[in-house]
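Everything on this sheet refers to the single structure shown next.
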Amino acid sequence: MSFFKKFYDNIVRNRDPEDDTIKVKGKLKPKFYGTVTPYPDFNASKDAAILQSAIESKGVDEDVIISVLVRRNNEQRQKIKVVYEASTGEKLDEALKSALRSDLEDVTLALLMTPAHFDAYLFRDATKGLGTHEDLLVEILATRTNQEIHEIKRVFQEVYNKDLEEVIKDETSGDFTTALLAMLEGNKDESAEVDMALAQQDAETLFEAGENAKGITISTFIGILTKRSGPQLSKTFQKYALVSDLTLPKALDLHLKGHIEDCLVDVVKCAWNTPAFFAEKLHRAMRRYGTCEETLIRVLVSRSEVDLKKIIEQYRAMYDTSLQEDILNDTKTHFQKILLGLCGPH
């Protein structure tokens, strides 16, 4: 848990206090911190023709393919797919799968999926075969909105003809399953307002649940940590530190073990500072024995139209180097180029 202590001490305590919402038609909406924005002079027919030429050219023109895909947002890529199939009779993803190889193929195919289809694919990949990638399940459920979670469930059923809830029940067990299913309900509070009385009450409830002589009441931790909003939990964590000699993460470290501990610790991280959570994921993907290309693809693609700008800022603050610099050092050729393209101008 030393990595979390560093995360909590250096970053979590310095949670960005700025208001990350704006009013749109009288409703609060999150500000845009993505690195990929709509291409201003978009023409789906023109882009489809450019991609066809690049794919069919002798040797395949990867640079052109990258240039088009990273400079169009997801909605525009979906339109290109439709036009490409209508004009060539072949699906764009199938054409790219035949033309490209390895990590470049993987990232381009990810870019062509809608966010819900990409997440459904990740869920499927994390739960099929031998072993389950528990941290990936938590990452998705802890960082998606209620609406996004409902859409993931719909797409998963549509594409794989399986109920996601049943898959989670089959592939996980115990309190970890309970926590995942609670998040899968997609009914977390998403209000930006903080109820100070509730924060105090939840802090005391969590303290009592953790200090129970008969053992920790895990259901209480799951109920609060998976249902409260990020701003609400942040205040609860502050209140918890006032009623206990331990921070909440340390309490979780002492009282829980295994997948449920990792799950709830990740929920705490995401509630306090989601960009820092992803910055840590990216750093660990490039600082182990070899580079974890799957993590780089997953995070950069899924966050490129959400908060990748803030993730890049947090990365520099946490590790005293830029994300782009580490990508340059850890990846090569066209895969490196497309990842840097997703990071935006630098």
Side-chain angles (χ1 to χ4, degrees), residues 34-125 128 155-156 158-161 285 290-306 308 323-324 327-346:
T35 53
V36 176
T37 57
Y39 190 69
D41 298 316
F42 176 64
N43 185 313
S45 297
K46 182 179 178 181
D47 286 344
I50 290 172
L51 287 173
Q52 182 183 6
S53 177
I55 291 169
E56 294 177 355
S57 68
K58 187 176 181 179
V60 182
D61 195 334
E62 291 94 344
D63 290 325
V64 170
I65 293 171
I66 293 169
S67 179
V68 172
L69 294 183
V70 300
R71 292 177 184 171
R72 277 48 169 188
N73 71 356
N74 193 273
E75 182 180 350
Q76 291 173 333
R77 291 185 212 118
Q78 301 313 312
K79 293 177 181 177
I80 295 171
K81 284 169 60 179
V82 172
V83 174
Y84 188 94
E85 184 173 1
S87 60
T88 67
E90 182 181 16
K91 291 184 177 181
L92 179 55
D93 53 354
E94 293 297 331
L96 289 172
K97 192 181 294 185
S98 298
L100 305 176
R101 296 290 180 270
S102 191
D103 300 321
L104 181 59
E105 174 191 343
D106 292 340
V107 68
T108 54
L109 294 180
L111 286 169
L112 290 179
M113 298 183 200
T114 66
H117 278 81
F118 186 43
D119 283 341
Y121 163 79
L122 292 173
F123 259 109
R124 172 66 170 168
D125 196 51
K128 72 176 182 180
V155 170
F156 193 91
E158 178 184 284
V159 176
Y160 302 108
N161 198 29
T291 303
C292 183
E293 290 84 2
E294 291 180 357
T295 298
L296 297 180
I297 294 170
R298 183 180 74 247
V299 175
L300 294 184
V301 170
S302 66
R303 309 311 291 186
S304 62
E305 294 183 43
V306 183
L308 188 51
L323 173 60
Q324 292 93 328
I327 289 174
L328 281 168
N329 291 332
D330 279 74
T331 61
K332 297 178 180 178
T333 60
H334 292 102
F335 181 57
Q336 176 189 93
K337 184 173 182 178
I338 199 168
L339 295 183
L340 292 175
L342 288 172
C343 290
H346 62 283

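These numbers come from the heavy atoms of this one structure, side chains and all, not from hydrogens, waters or symmetry mates. Residue numbers start at 1 and run along the sequence shown. Here the structure is a predicted model, which means the values were calculated and not measured.
- Scanning all heavy atoms of the two residues, the minimum distance from Leu104 to Val107 falls at O-CG1, 3.3 Å.
- Contact annotation: the side chain of Phe42 approaches that of Ile80 to within less than 4.5 Å [non-hydrogen atoms, C-beta and beyond].
- Partners of Val159 under the side chain to side chain contact (heavy atoms under 4.5 Å, CB included) rule, at least two apart in sequence or in another chain, are His117, Val155.
- Taking the side chain to side chain contact (heavy atoms under 4.5 Å, CB included) definition, one finds that Asn74 meets it with Arg77, Gln78, Thr114, Pro115, Glu305, sequence neighbours left out.
- Asn329 meets the side chain to side chain contact (heavy atoms under 4.5 Å, CB included) test with Glu325, Asp326; sequence neighbours excluded.
- Around the CD atom of Gln336, the shell of radius 6.0 Å holds more than 12 heavy atoms that belong to other residues, nucleotides or ligands.
- Checked against ring-ring contact (aromatic ring centres under 6.0 Å, His included), Tyr39 has no partners two or more places apart in sequence or in another chain.
- One distance of note links CG of Leu328 with CG of Leu340; it measures 5.0 Å at 0.5 Å rounding.
- With sequence neighbours excluded, the residues satisfying salt bridge (Lys or Arg N to Asp or Glu O under 4.0 Å) with Lys79 are Glu75.
- Separating the CD1 atom in Ile50 from the OH atom in Tyr84 is a distance of 12.5 Å, to the nearest 0.5 Å.
- Distance check: Leu342 CG to Leu308 CG gives 7.5 Å after rounding to the nearest 0.5 Å.
- A salt bridge (Lys or Arg N to Asp or Glu O under 4.0 Å) check over residues 327-338, counting only residues at least two apart or in different chains, returns the pairs Asp63-Lys337.
- With sequence neighbours left out, the salt bridge (Lys or Arg N to Asp or Glu O under 4.0 Å) criterion links Asp103 to no other residue.
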Can you give the donor-acceptor pairs under 3.5 Å from side chains of residues 64-72 to other protein atoms, not counting sequence neighbours?
unit_1	atom_1	unit_2	atom_2	d
Ser67	OG	Arg71	NH1	3.2
Arg72	NE	Asp47	OD2	2.8
Arg72	NH2	Asp47	OD1	2.8
Arg72	NH2	Asp47	OD2	3.4

List the atom pairs, donor and acceptor, that lie under 3.5 Å between side-chain atoms in residues 94-101 and the rest of the protein, sequence neighbours left out.
unit_1	atom_1	unit_2	atom_2	d
Ser98	OG	Glu94	O	3.2
Arg101	NH1	Ser98	O	3.0

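- Going from atom CD of Glu62 over to atom CD1 of Ile55 covers 10.5 Å, rounded to the nearest 0.5 Å.
- Closest of all the heavy-atom pairs between Val83 and Ala44 is CG2-CB, 3.8 Å.
- Residues Thr35 and Cys343 fail the side-chain proximity criterion, which asks for heavy atoms closer than 4.5 Å.
- Listed by first and then second residue, the salt bridge (Lys or Arg N to Asp or Glu O under 4.0 Å) pairs that reach into residues 104-113 come to none, sequence neighbours excluded.
- Residue Leu109 comes nearest to Asp93 through the heavy atom pair CD2-O, 3.4 Å, listed as atom of the first residue, atom of the second, then distance.
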Check your understanding: Taking it one step at a time, do Asn73 and Gln76 satisfy side-chain contact (heavy atoms from CB on, under 4.5 Å)?
Key -> CA-CA 5 Å; Asn73 71 356; Gln76 291 173 333; 3.1 Å; yes
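- Qualifying salt bridge (Lys or Arg N to Asp or Glu O under 4.0 Å) partners for Glu85, counting only residues two or more places apart in sequence or in other chains: none.
- The side chain to side chain contact (heavy atoms under 4.5 Å, CB included) test applied to Phe118 returns Ala110, Met113, Tyr121, Leu122, Val301, Ser302, not counting sequence neighbours.
- Rounding to the nearest 0.5 Å gives a distance of 12.0 Å between NZ of Lys91 and CG of Leu112.
- Put simply, CZ on Arg298 and SG on Cys292 are 7.0 Å apart, with the number rounded to the nearest 0.5 Å.
- Using a 4.5 Å heavy-atom threshold, the side chains of Leu300 and Leu323 count as touching.
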Point to revise | Residue pair Phe335, Ile297: steps toward the side-chain contact (heavy atoms from CB on, under 4.5 Å) verdict | key: CA-CA 10 Å; Phe335 181 57; Ile297 294 170; 3.7 Å; yes
